[in-house]
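Residue numbers begin at 1 in each chain, while the letters A, B, ... track the order of the sequences.
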Amino acid sequence: MRTRALIVAVLLLLAGCTAGGGDDDGPVTLRFQSLAWQEESVQANKELVKEWNATHSDVKVEYIQGSWSSVHDQLLTSFEGGEAPDIIHDASDDLADFAYGGYLADLTDLLPARLKSDIPQRSWETTTFGDGVYGVPFLQEPRVLVANATWLKRSGVRIPTPEHPWSWAEFRQITEQLTGDGKYGVAWPLKEPVSATLNLSLSAGGQLFHRGADGKVTVRFEAGDEVVPRTVHDQVDTDHSASPTTLGSGGSDTLPGFFGGRYAMVPLGFSYRQQIVQQAPKGFDWQVLPAPAGADGLAQGVSPQTLSVAEDSPHQQEAAAFIDFLLRPKNMVRLALGDWMLPTGTQALADPALHTAKDDWATGTALAEHLRPAPAQSVRGYAEWKDKVATPAFQEYYSGAIDLGELRERLEKDGNLVLARYQR
Amino acid sequence: MRTRPAARAGRAAQYTALIGYLVFLAFPFLWLLSVAFKPARELGSLHPTWIPKHPTLANFRQAFDEQPLLHAASNSLLAAVSAAVIAVALATPMAYVMARQRTRLARAASGWVVVSQAFPFVLVIIPLFLVLKNLRLIDSVPGLVMVYVVWALPFALWMLVGYVRAVPVELEEAAAIDGAGRLRTLVSVTAPLLAPGIVATALFAFITAWNEFFFALVLLKTPEKQTLPVVLTHFIGTEGVADLGPLAAAAFLATLPSLVVFAIVQRRITGGMLAGAVKS
């Protein structure tokens with residue numbers, strides 16, 4: 001009995017130590033959870049919050065630092081507990097479950113016409129689930145080839161441009177040409193092989209996920225889907241022009257070998273340029289090349305960074321107004337420069353700061369019009385398909401353990417079983 | 001006395017194995033230390049060196065400039081110390097009862113303690129979140145401390161039961177024969193012998209709370225209340241890309257308190273627990 005009384009007393013004491021209830025008087029306070037993590041990006045976000053607060057005495061924004069590595073679990077718990085931030089920074093491929101789960105506000109009627117018309121429809125498609133729009137896509141990055149410029153010049157190969165990119169076949173031939181003496185033409189960092197393969201496959205007309213008339217999605221591994229995996233496989237296993245050791249590596253892991261002259265090229269996200277600028281040895285000459293093109297040109301899939309509003313937020317209008325402020329063209333440029341990524345907004349994308357030759361901004365900006373929603377964007381069950389079926393299947397195929405037929409069978413047969421469970 | 005060559009070789013092999021094991025254990029920490037002092041260009045080198053060629057404090061400066069590390073460390077310290085003290089204060093009397101009372105209930109309680117260790121974080125986090133929300137303990141350090149105490153309690157209890165059982169009950173009986181009351185026996189005889197166990201248990205609770213990430217991430221919203229492990233993740237970006245230098249610098253600082261606490265108390269833990277307790 002005494003123990004129970006003690007526990008109750010401790011609970012009351014602890015409850016007494018916490019903050020009291022909310023205060024309805026005074027300005028509205030919005031909590032903005034940002035996932036910005038690079039020094040310049042955090043600074044840009046904080047400055048913009050400061051500027052908003054300086055000019056809006058009735059609506060204050062509180063900056064909360066989140067992190068990419070844990071955002072899904074953290075948001076899920078916050079939503080379940082009714083404690084989510086008002087404004088949520090995330091990526092479009094993480095939004096589907098939250099949108100279908102009713103945790104995010106439909107922004108269709110909350111956003112101003114200026115913002116709606118400034119961002120292209122193909123970007124809005126990444127945040128449209130059912131009939132609603134559940135996030136504003138604002139930053140995106142293409143996958144590019146980062147190349148050792150000196151090596152390329154010395155070899156005499158044709159240097160591709162966004163106007164005249166390499167075809168996949170030409171790319172394979174050139175990597176073979178660049179290979180020799182223990183050096184490789186390319187190093188594929190394919191620790192996460194599925195999204196990289198699927199996104200690049202759009203260039204060759206690969207679609208993989210096909211939605212039927214009944215709205216159900218099935219996996220079909222067709223001719224267009226084969227081009228990119230076959231190229232990688234042949235570079236590693238047939239031509240030996242791609243390093244087999246980097247297949248299990250992340251992008252950052254390949255940089256020391258790239259700087260050390262072991263690989264001529266590394267396919268990386270556009271934002272990796274910041275790390276390259278920071279870490280490359282003095283005098284190291286590098287350049288950004290567009291990823292190879294296929295039947296559908298330079299098309300590739302992306303999952304843009306997004307800003308959403310929590311359904312439970314009592315101040316959705318104010319939150320949308322803050323998003324509108326944050327994504328005004330000049331501000332969007334500041335955020336893009338801070339993250340070394342491309343803005344989705346048409347006006348921001350036209351800003352001269354994003355068309356400079358320095359750090360090859362212009363090459364990346366020229367690719368923006370070719371970016372499409374990632375193929376798996378709104379496929380329910382994708383996460384499980386990716387982890388249980390596609391990741392091991394692609395890893396085994398790239399390492400030469402299985403052939404293309406086996407890869408196809410596993411992606412389709414095992415994959416459709418997984419997807420079917422989510423579409424009953 | 002001369003030792004035989006075979007014995008000397010055996011001892012040398014033992015020392016070699018021991019040194020190898022120590023190097024293996026120390027490797028992550030030493031590498032962290034090395035990275036923390038390396039400039040960005042050395043981090044991208046194909047031939048990394050143990051000792052930075054151009055050591056710099058820039059990573060530490062950047063880490064402190066970008067994130068409120070000291071504030072986060074003080075939050076972690078408050079939560080970890082509170083959790084350790086409360087967990088030990090609650091576990092010690094419980095452990096004594098469980099160790100000395102050989103009843104069916106005590107055995108069932110011991111079994112439950114072991115089973116409770118098997119629950120994964122994700123299983124309990126949402127119900128826990130809702131309970132704490134109703135208690136208005138979300139986004140508060142006391143709420144976090146309460147979770148840490150609950151989380152550390154079963155294992156602390158399990159550890160302490162073992163320590164109590166190692167104290168010969170004959171000593172307590174001898175004290176009783178000498179006229180000492182129950183309380184006097186506990187304070188003068190049992191408690192001093194349990195001290196190393198209590199310190200070890202407190203250390204375990206402290207380190208568990210100090211390193212804990214998931215509960216702190218989910219329960220604390222206000223940036224000023226976040227703990228060090230949560231703040232460390234702010235140096236990690238999309239696709240696992242990390243700002244390696246500042247992350248290493250911050251992580252190195254985060255390991256220091258645990259090392260200091262270990263250095264202070266390790267002698268108490270290893271010092272013969274029952275030395276001198278029983279006359280031979």
Side-chain angles (χ1 to χ4, degrees), chain A residues 6 10-11 13-21 31 33 35-39 41-43 62-70 73-74 76-78 80-83 85 91 141 191-192 195 250-252 255-262 269 271-272 275-282 305 339, chain B residues 39-48 62 65-68 86 90 93-94 121-122 125-143 145-146 149 213-215 217-219 221-223 226 230-246:
Chain A
L6 182 68
V10 169
L11 286 178
L13 186 68
L14 289 169
C17 292
T18 60
R31 292 188 302 157
Q33 178 167 294
L35 303 181
W37 68 282
Q38 299 185 90
E39 195 177 6
S41 177
V42 173
Q43 196 182 338
E62 184 187 352
Y63 181 92
I64 298 173
Q65 186 68 62
S67 76
W68 284 106
S69 57
S70 52
D73 292 338
Q74 191 255 338
L76 183 62
T77 320
S78 302
E80 288 286 350
E83 290 281 335
E141 63 173 332
K191 188 177 174 185
E192 301 280 344
S195 59
S252 303
L255 291 181
F258 177 60
F259 299 145
R262 194 163 281 179
S271 63
Y272 272 86
Q275 278 198 45
I276 293 169
V277 167
Q278 282 181 348
Q279 296 181 8
K282 277 180 187 160
Q305 291 187 22
D339 251 335
Chain B
R41 290 194 197 288
E42 280 187 47
L43 292 175
S45 170
L46 187 59
H47 306 290
Q62 191 182 335
D65 286 349
E66 279 182 33
Q67 301 297 338
I86 297 172
L90 291 175
M94 283 193 241
F121 279 21
V122 285
I125 189 65
I126 289 176
L128 186 70
F129 191 94
L130 295 172
V131 169
L132 288 174
K133 192 185 170 202
N134 288 333
L135 290 170
R136 306 185 77 165
L137 285 170
I138 293 289
D139 199 23
S140 76
V141 175
V145 169
M146 207 164 96
V149 168
F213 166 71
F214 192 57
F215 287 133
L217 170 80
V218 168
L219 297 177
K221 308 288 168 199
T222 312
Q226 288 181 334
V230 176
V231 169
L232 285 182
T233 64
H234 298 164
F235 294 103
I236 300 171
T238 46
E239 292 184 18
V241 181
D243 209 351
L244 206 54

Considering only heavy atoms from C-beta outward, does the side chain of B/L232 approach that of B/F213 to under 4.5 Å? no
Rounded to the nearest 0.5 Å, what separation is found between the CD atom of B/E66 and the CZ atom of B/F235? 5.5 Å
By side-chain contact (heavy atoms from CB on, under 4.5 Å), which residues pair with A/I276, not counting sequence neighbours? A/V146, A/L255, A/F259, A/L268, A/A280, A/W286
Under 3.5 Å: donor-acceptor pair, side chain of A/W68, backbone of B/I236: no
Which residue out of A/E80, A/E83, A/K282, A/Q43 racks up the most heavy-atom pairs below 4.5 Å with chain B? A/E83
Can you find a heavy atom in the side chain of A/E62 that is under 4.5 Å from one in the side chain of B/P223? yes
Contact origin within A/Y63 toward chain B - heavy atom pairs under 4.5 Å: backbone
Chain A contact via B/S45 - which portion, at a heavy-atom distance below 4.5 Å: backbone
Choice from B/T222, B/D139, B/D243 maximising heavy atom contacts with chain A below 4.5 Å: B/D243
Hey, is the main chain of B/Q67 close enough, under 3.5 Å, to the side chain of B/H234 for a donor-acceptor pair? no
Walk me through it: do A/Q74 and A/Q33 pass the test side chain to side chain donor-acceptor pair (under 3.5 Å)? CA-CA 11 Å; A/Q74 191 255 338; A/Q33 178 167 294; 2.8 Å; yes
Chain B contact via A/E192 - side chain, backbone, both or neither, heavy atoms under 4.5 Å: neither
Most contacts with chain B, counted as non-hydrogen pairs under 4.5 angstrom, among A/G269, A/A36, A/A91, A/G66: A/G66
Of the backbone (N, CA, C, O) and the side chain (C-beta and beyond), which part of B/L130 lies under 4.5 Å from a heavy atom of chain A, both, or neither? side chain
Please look at B/Q62 and chain A and tell me whether the side chain, the backbone, both or neither of the residue comes under 4.5 angstrom of a heavy atom of that chain. side chain
Please examine the side chains of B/L137 and B/S140, heavy atoms only from C-beta on, and report whether any two atoms are closer than 4.5 Å. yes
So what's closer than 4.5 Å to chain B heavy atoms on A/S252: side chain, backbone, both or neither? side chain
Let me know if B/F129 has heavy atoms under 4.5 Å from chain A in its side chain, its backbone, both or neither. side chain
A/Q275 portion near chain B, given a 4.5 angstrom heavy-atom threshold: side chain
Pick from A/E39, A/Q305, A/K191, A/R262: which one has the most heavy-atom pairs with chain B under 4.5 Å? A/E39
For each of A/S41, A/G251, A/G81, tally heavy-atom pairs with chain B at distances under 4.5 Å, and name the one with the top tally. A/G81
Listed partners of A/Q278 passing side-chain hydrogen bond (donor to acceptor under 3.5 Å, both in side chains), at least two apart: none
